[in-house]
Chemist: 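This structure is in structure tokens; I'll ask about it shortly.
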Number of protein chains: 2
Amino acid sequence: MNNGRFPISLHILTLMASSAGELLSSDYIAGSININPVLVRKEISNLRNFGLIESKEGKNGGATLAKSADKIRLSEVYHAVQQASLLGNSKNKPNPDCPIGKQINLHLDHLYEDIEGALLHRLEKMSLADFLRQFQ
Amino acid sequence: MNNGRFPISLHILTLMASSAGELLSSDYIAGSININPVLVRKEISNLRNFGLIESKEGKNGGATLAKSADKIRLSEVYHAVQQASLLGNSKNKPNPDCPIGKQINLHLDHLYEDIEGALLHRLEKMSLADFLRQFQ
DNA sequence: CATTCTGTAATTGACTTTATTACAGTACAA
DNA sequence: TTGTACTGTAATAAAGTCAATTACAGAATG
């Protein structure tokens, strides 16, 4: 994964899991993560599109989990923030006249798929509730 | 992994494995990958530090594998290019006054280590020779 | 000793990510 | 019904990252 969005999204969800039911404001969340509130709202918007978060506009509004923390797998969080490939995106444009260059992206892609499968298998095993449980 | 260095290093090593014994110039390699020769030399320099490549300066110089392709595990390549953490580096500076923020980097790091372990396990199983064997 | 390489530093440029500004719209509460 | 406190989102600016490029010293060869 290429971005810092995974930790941000997981932080957001962890905060919500730790205060289940309450609506948290983007300003409060941004204060905990120490980033800009607009970025928090963007991530919340994304997580909402993936059915992990519900939010409420207006005064006393905010966001909360859309389902209980033990129903949220970390693999869902991964999918929600995942855009590019795990290990360096195959955006390289190798020389098609070279016998190695011509084929390497195909084989790299296979390798990445294999590895990403292993990664997802791990993330699948841990729920947000499991993750929160580590905090004391 | 955050960078495009893994595919570049693997490409370099694959070229060398496919023409075992020969010294390849950074210009030739750069032509196959379609990147700048200086970047190739930087990667070669790094791979040499990890004992995967030997190089020779001067006219008719170049680089070649330091050991046979079936002795090189892809996990070694990963280690050679790995600097930052796999999933978004914990460069966030969460608020230490927040009970979640205070602890989250620790738990994120544990999670990353766990996942990286799974990834390395996969890469450990494949040698450079295995990777090259896929090419026909 | 000219040539062809590596090795490496320094700079520039392209791109990506995050912060910031701005503002419309929504819900609540006095 | 109006002020306030929020979300949602777009647009822009600032910061950071990564690769390309330039430059050049040094090594090996013929």
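First the proteins, then the strands, lettered A, B, ... as listed; each starts at 1. Just so we're clear, the structure is a prediction, and the values are computed from it rather than from any experiment.
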Chemist: Send over the distance from A/L23 CG to D/dT7 P, rounded to a whole Å.
Modeler: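 Taking CG of A/L23 and P of D/dT7, I get 9 Å after rounding.
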Chemist: Taking B/L52 as the starting point, is it possible to reach B/M126 by hopping between hydrophobic residues whose side chains are less than 4.5 Å apart?
Modeler: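 Same cluster: B/M126 reaches B/L52 through Ile, Leu, Val, Met, Phe, Trp or Tyr contacts under 4.5 Å.
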Chemist: Rounded to the nearest angstrom, tell me the gap between atom CG in B/N34 and atom C1' in D/dA20.
Modeler: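 B/N34 atom CG is separated from D/dA20 atom C1' by 12 Å.
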Chemist: To the nearest Å, how far apart are A/N92 CG and D/dC18 P?
Modeler: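 From A/N92 CG to D/dC18 P: 14 Å.
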Chemist: What residues in residues 36-52 of chain B put a non-hydrogen atom under 4.0 Å from any atom of DNA chain D?
Modeler: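 When residues 36-52 of chain B is checked for heavy atoms under 4.0 Å from DNA chain D, the hits, listed by number, are B/N36, B/V38, B/L39.
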Chemist: Give a yes/no on whether any side-chain N or O of A/S55 is located under 4.0 angstrom from OP1 or OP2 of D/dG8.
Modeler: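 Checking D/dG8 against A/S55, a side-chain N or O does come within under 4.0 Å of OP1 or OP2.
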Chemist: To the closest 0.5 Å, what do you measure between NE2 (A/H11) and CG (B/N92)?
Modeler: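 Separation between the atoms: 8.5 Å.
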Chemist: Any chance the rings of A/H79 and A/F50 have centres within less than 6.0 Å?
Modeler: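 No; A/F50 has its ring centre 6.0 Å or more from that of A/H79.
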Chemist: The criterion is side-chain hydrogen bond (donor to acceptor under 3.5 Å, both in side chains); which residues satisfy it with B/D130, sequence neighbours excluded?
Modeler: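 Partners of B/D130 under the side-chain hydrogen bond (donor to acceptor under 3.5 Å, both in side chains) test: B/S127, B/R133.
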Chemist: So if you build clusters from Ile, Leu, Val, Met, Phe, Trp, Tyr with side-chain heavy-atom gaps below 4.5 Å, do A/I35 and A/V38 land together?
Modeler: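 No; A/V38 is not reachable from A/I35 via cluster members.
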Chemist: Go nucleotide by nucleotide along DNA chain D from the 5' end; which of A/E57 and B/I35 gets its closest nucleotide reached first?
Modeler: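 Closest to the 5' end, via its nearest nucleotide, is A/E57.
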Chemist: Can a donor-acceptor pair be found between the side chains of A/S25 and A/D27 at a distance below 3.5 Å?
Modeler: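 Result is no, nothing qualifies.
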Chemist: Rounded to the nearest Å, what distance is computed from the CD1 atom of residue A/I33 to the C1' atom of nucleotide C/dT17?
Modeler: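 Taking atom C1' of C/dT17 as the reference, CD1 of A/I33 is at 16 Å.
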Chemist: On the nucleotide C/dT6, are OP1 or OP2 found under 4.0 Å from the side-chain N or O atoms that B/S26 carries?
Modeler: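 Yes, B/S26 has a side-chain N/O under 4.0 Å of OP1/OP2 on C/dT6.
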Chemist: Between atom NZ in B/K59 and atom P in C/dC1, what is the gap in whole Å?
Modeler: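 In whole Å, C/dC1 P and B/K59 NZ are 16 Å from each other.
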Chemist: What is the distance, rounded to the nearest whole Å, between atom CZ of A/R5 and atom C1' of C/dT18?
Modeler: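 The distance from CZ of A/R5 to C1' of C/dT18 comes to 12 Å, rounded to the nearest Å.
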Chemist: Look at atom NZ of A/K67 and say whether more than 12 heavy atoms of other residues, nucleotides or ligands are closer to it than 6.0 Å.
Modeler: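 Check passes, neighbour count above 12.
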Chemist: Quick one: A/K56 NZ to C/dT26 P, roughly how many Å, whole number?
Modeler: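 Rounding to the nearest Å, NZ of A/K56 and P of C/dT26 are 15 Å apart.
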Chemist: Distance check needed: C/dT18 P versus B/K93 NZ, whole Å only.
Modeler: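 Nearest whole value for this atom pair: 11 Å.
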